[in-house]
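Step one of this worksheet: look at the structure below.
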Amino acid sequence: MTASLYRLVYYSRNHVSGDAAEFATHVDDILAKSRQNNRRDEITGALLFNAGCFAQVLEGPLEKIEATFERIQQDDRHGDVSLLALNSIAARSFPNWAMGFVGTSNGDAERFAGISASSGFDISRLSGDQIHTLLRDLTIEEEAVA
Ligand code: FAD
């Protein structure tokens, strides 16, 4: 029997310092480890970085999501980790993404500029639902242009 699916949404504040190239290397490390672990754990989702904050959606079996979130909370590459939502879901929003990422490319920056201009975009002011919708829309755009 397939385990019930859950979705967890949180945001956090970046603790990684350095220039853009160093930050990109840290993000690459985080994504490589995340994708490796998440494939193993049947977790899908997406990670967003903007204006010093991360926001992430994790979808999958509850016990796997909880174990992953425990590790994430203990990671000193970020802090002030704030859980925004943990709900059971009928279907995944990111079925093809062991961990999508939106944040540092020129195309992402342009899309964020549009969002910022229209909504005063600030991750820490968004609800779990808003972050989920934003990431789903941005990731779907990313899939469409890939
Ligand atoms: P290990 O196999 O021991 O691997 C840990 C490796 O990660 C280390 O070798 C090191 O290279 C690196 N690492 C771990 N902690 C640090 C640190 N504090 N500083 C520098 N390097 C470090 N993990 C997931 O499994 N799934 C996710 O979706 C996920 N999302 C993340 C999102 C963010 C914003 C951050 C900051 C981290 C995320 N992580 C995620 C990583 C998570 O916090 C753990 O580092 C990871 O899950 C540990 O994996 P492991 O138990 O296999 O450890």
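On a predicted model such as this, the values are computed, not experimentally measured, just so you know. Numbers here are sequence positions counted from 1. Only this structure's heavy atoms are used, side chains among them; waters, hydrogens and symmetry mates stay out. Order of appearance sets the numbers: ligands from 1, and atoms from 1 within every ligand.
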Give me the residue, atom name and distance of the protein heavy atom closest to [atom].
| atom | answer |
| --- | --- |
| atom 42 (C) of ligand 1 | D75 OD2, 3.6 Å |
| atom 23 (N) of ligand 1 | S34 OG, 3.7 Å |
| atom 49 (O) of ligand 1 | N37 ND2, 3.2 Å |
| atom 36 (C) of ligand 1 | I30 CD1, 3.6 Å |
| atom 20 (C) of ligand 1 | R77 CD, 3.6 Å |

[X]: numbered ligand 1 atoms lying under 4.0 Å from its heavy atoms:
| X | value |
| --- | --- |
| F54 | 34 (C) |
| M99 | 28 (O) |
| N38 | 24 (C), 25 (O), 26 (N), 27 (C), 28 (O) |
| L58 | 28 (O) |

Any idea which part of [X] is under 4.0 Å from ligand 1, heavy-atom wise: side chain, backbone, both or neither?
| X | answer |
| --- | --- |
| I72 | both |
| Q36 | neither |
| I43 | neither |

Are any non-hydrogen protein atoms located under 4.0 Å from [atom]?
| atom | result |
| --- | --- |
| atom 9 (O) of ligand 1 | no |
| atom 27 (C) of ligand 1 | yes |
| atom 51 (O) of ligand 1 | yes |
| atom 3 (O) of ligand 1 | no |

Options [options], ranked by nearest heavy atom to [atom], top entry:
| atom | options | answer |
| --- | --- | --- |
| atom 5 (C) of ligand 1 | Q74, H26, K33, K64 | K33 |
| atom 47 (O) of ligand 1 | E70, R71, R35, H15 | R71 |
| atom 30 (N) of ligand 1 | R40, Q56, R39 | Q56 |

Are the side chains of [X] and [Y] in touch, meaning some heavy atoms are under 4.5 Å apart?
| X | Y | value |
| --- | --- | --- |
| F101 | V27 | yes |
| L86 | L62 | yes |
| T25 | E22 | no |

- Distance in Å, S17 OG paired with H26 NE2, rounded so as to fall on 0.5 Å steps: 7.0 Å
- Item | Gap between atom CG of L58 and atom CG of D41 - 0.5 Å precision |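 Interatomic distance, D41 CG to L58 CG, rounded to 0.5 Å: 10.5 Å.
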- Message: Heavy-atom count check: over 12 atoms from other residues, nucleotides or ligands less than 6.0 Å from E42 CD?
- Response: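 At most 12 heavy atoms, drawn from other residues, nucleotides or ligands, come within 6.0 Å of this atom.
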- Note on the structure: Only residue of V81, D76, D80 satisfying side-chain contact (heavy atoms from CB on, under 4.5 Å) with H78 is V81
- Message: Is the ring pair F69/Y10 parallel, tilted or perpendicular, if the boundaries are 30 and 60 degrees?
- Response: tilted
- Could you give me the CA-CA distance, side-chain angles and deciding distance for Y11 and L126, then say whether side-chain contact (heavy atoms from CB on, under 4.5 Å) is met? CA-CA 9 Å; Y11 84 90; L126 297 180; over 6 Å; no
- Would you say R92's side chain and E59's backbone share a donor-acceptor pair under 3.5 angstrom?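 Looks like yes, one N/O pair under 3.5 Å.
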- Query: Within the distance-only criterion (no hydrogens, no angle test), does the side chain of R35 pair as donor or acceptor with the backbone N or O of M99 below 3.5 angstrom?
  - Reply: yes
- Heavy-atom gap D76 to ligand 1 smaller than 4.0 Å: yes
- Message: So for Y10, does at least one of its heavy atoms come nearer than 4.0 angstrom to any atom of ligand 1?
- Response: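 Yes, Y10 has heavy atoms under 4.0 Å from ligand 1.
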- Query: Going through the distances and angles, do L31 and L47 end up as a side-chain contact (heavy atoms from CB on, under 4.5 Å)?
  - Reply: CA-CA 9 Å; L31 289 174; L47 176 67; 4.1 Å; yes
- Distance-only side-chain donor-acceptor flag, S93 / R136, under 3.5 Å: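 Checked: S93/R136 side chains show no N/O donor-acceptor pair below 3.5 Å.
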